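Given the structure is predicted, the values throughout are model-derived calculations rather than measurements. Any value given below was found using the heavy atoms of this structure, including those in side chains, with hydrogens, waters and symmetry copies removed.
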Amino acid sequence: MLSAERVSRLESVFRERTGREAAGVWAAPGRVNLIGEHTDYNDGLVLPFAIDRQALAAVALRDDAELRCWSCQDEPAGWEAYPRGVARALRDAGVQLRGADVVVDSDVPAGAGLSSSAALECSVAAALNELAAGRLDQMALALACQSAENTEVGAKTGIMDQVASLFGREGSFVYLDVRDRAVEAIEVDLSGLALSVVDTGVRHSTADAGYSDRRRECVQAAAALGVFSLRDAGVEQVTALARCVGHDGLLGRRARHVFTENARVTRAVALLRSGRARELGPLLTASHVSLRDDFEVSAPELDVAVNAALEAGALGARMTGGGFGGSALALTTVEGVPALHRAIERAYAKLDWRPPDIFAAAPAPGAQRIR
């Protein structure tokens, strides 16, 4: 829950840094991807939701062209590329933007697979678009933020994270067809159920080589199958390629993950529309197996968390986010949450690993002006 104290503290920092008042404060959330991993940059289907952890941006325009940025956190070197990239992308999209002072504060853990970067981008984009009287809609803002991450930051991400942060709605998942950019809010009844995020503490970056390798392999797999993108591949094509040996077989396994993951998203949406959220569990677990074995983006800490959750009676569990670290997601009954926590903590302790951060997650509102 976003507190008035946190907002007031950010406004105070803005005054200290700039010597003037902020024109407003905007918030944009991180996201958890329920299902649909590594499908967005393959023209596929995704089903994320915004979470109750946000990046805040206190902003005021300047009379000159300078963009000055500060953070309330101890950011890594070069973090200013995110807001600077957003400003560049907004100008490219036609927003008449000069300079601005920006102070940000985020409680979305960085590198946890919860889209801290998208939260930062979207909070700044929403602020600058409004203050500069821009007329970009939510999808145009999402594209601008994706452009910033792809170009200035060098992370060749898809558009899912930004769409989830901007289109999030309380009580709803965000169903996105990346190919035609159709977005639908899927209302969900989670009565008696709980979603828990397990932040393993193993940090990753979407600019790292592993993520880029998977994107390149997907392009190669599409070429091997003779299709524009893996969204267009058929089950017989994918199955035949996956049976090959060597590099072709690897490409087939990458394609098989994308094909089956799109099918899992479609099934998940059907279950939610018919009020059968409890039946999502096997889809989540199958997604993890596919990400672990066919796409090879899991990590030991993620596998241990998922296995411990299932052994504790979770209805389903999987890694969420780009992989190579980050977080896992588990679906349980409300009554099963304490046992889930104990089981995962015990499993980590047995391996002498640092205890993970486990917290509840539920669909929350998207980016908005809060003051």
Side-chain angles (χ1 to χ4, degrees), residues 1-11 22-36 40 46-59 72 82 86 102 104-110 112-131 134 136-146 159-176 181-191 193-197 268-269 272-273 277 320-321 327 329 359-371:
M1 182 67 68
L2 184 59
S3 68
E5 179 183 0
R6 183 181 169 198
V7 177
S8 296
R9 186 167 59 247
L10 176 60
E11 291 175 318
V25 177
W26 286 256
R31 66 99 187 95
V32 168
N33 192 17
L34 181 74
I35 199 162
D40 60 339
V46 294
L47 191 63
F49 61 97
I51 60 175
D52 190 23
R53 296 198 176 195
Q54 304 99 349
L56 307 184
V59 181
C72 296
Y82 290 97
V86 167
V102 178
V104 298
D105 173 47
S106 180
D107 64 358
V108 185
L114 304 176
S115 296
S116 60
S117 58
L120 170 60
E121 294 155 5
C122 292
S123 63
V124 173
L128 295 178
N129 183 55
E130 181 175 337
L131 291 177
L136 302 186
D137 60 18
Q138 288 173 301
M139 185 56 71
L141 286 176
L143 290 167
C145 292
Q146 181 196 19
I159 200 173
M160 172 184 67
D161 298 348
Q162 293 82 5
V163 166
S165 186
L166 287 160
F167 284 83
R169 281 177 46 179
E170 187 172 3
S172 296
F173 294 127
V174 180
Y175 179 36
L176 168 65
R181 297 177 187 163
V183 179
E184 180 183 355
I186 305 293
E187 294 187 10
V188 58
D189 180 8
L190 292 176
S191 300
L193 301 175
L195 287 165
S196 296
V197 172
V269 170
L272 291 170
R273 284 174 172 160
T320 185
S327 298
L329 177 68
F359 59 91
Q368 58 188 309
R369 183 172 185 164
I370 56 176
R371 186 168 294 177

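- Residues V124 and V59 fail the side-chain proximity criterion, which asks for heavy atoms closer than 4.5 Å.
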Given L176 and I159, is the side-chain contact (heavy atoms from CB on, under 4.5 Å) satisfied, shown in steps?
CA-CA 10 Å; L176 168 65; I159 200 173; 3.9 Å; yes
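- For Q54 against D107, the heavy-atom pair with the smallest separation is N-OD1, 2.7 Å.
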Apply the test side-chain contact (heavy atoms from CB on, under 4.5 Å) to residues L34 and L195: give CA-CA distance (whole Å), side-chain angles for both, the deciding distance (0.1 Å), then the verdict.
CA-CA 9 Å; L34 181 74; L195 287 165; 4.3 Å; yes
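- Going from atom CD of E11 over to atom CG of D105 covers 12.0 Å, rounded to the nearest 0.5 Å.
- In this structure, OG1 on T320 lies 5.0 Å from CG on N33, to the nearest 0.5 angstrom.
- Between S172 and F49, the closest heavy-atom pair is O-CB, 4.1 Å.
- Interatomic distance, CD of Q138 versus CD of Q162, reported as 13.5 Å (0.5 Å rounding).
- Shown here for A119 and G30, the closest heavy-atom pair between the two residues is CB-N, 3.9 Å.
- Atom CZ of R181 has 12 or fewer neighbouring heavy atoms from other residues, nucleotides or ligands inside a 6.0 Å radius.
- The shortest side-chain heavy-atom distance between S8 and R371 falls under the 4.5 Å cut-off.
- Residues W26 and L131 have side chains in contact (heavy-atom distance under 4.5 Å, counting atoms from C-beta outward).
- For the pair L120 and A55, the tightest heavy-atom approach, listed with the atom from each and the gap, is N-CB, 3.7 Å.
- Side chains of Q146 and L143 form a contact here, defined as non-hydrogen atoms less than 4.5 Å apart.
- Atom CG of residue L56 and atom CD1 of residue I370 lie 5.0 Å apart, to the nearest 0.5 angstrom.
- Within a 6.0 Å radius of CD in E184, other residues, nucleotides and ligands contribute more than 12 heavy atoms.
- Contact check for L272 versus L47: side-chain heavy atoms found under the 4.5 Å cut-off.
- Closest approach of R31 and A164 over heavy atoms only: CB-CB, 3.7 Å.
- When all heavy atoms of V188 and A277 are compared, the pair lying nearest together is CG2-CB, 4.4 Å.
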Quick one, L10 with C72, criterion side-chain contact (heavy atoms from CB on, under 4.5 Å). Give me CA distance, side-chain angles, the key distance, then yes/no.
CA-CA 8 Å; L10 176 60; C72 296; 3.9 Å; yes
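- With a 4.5 Å cut-off on side-chain heavy atoms, E121 and S165 do not count as touching.
- For the pair S327 (side chain) and A112 (backbone), a donor-acceptor distance under 3.5 Å is present.
- In this structure, OH in Y82 is found 12.5 Å from OG in S123, a value given to the nearest 0.5 Å.
- For E187, the CD atom counts as loosely surrounded, since its 6.0 Å shell holds 12 or fewer non-hydrogen atoms of other residues, nucleotides or ligands.
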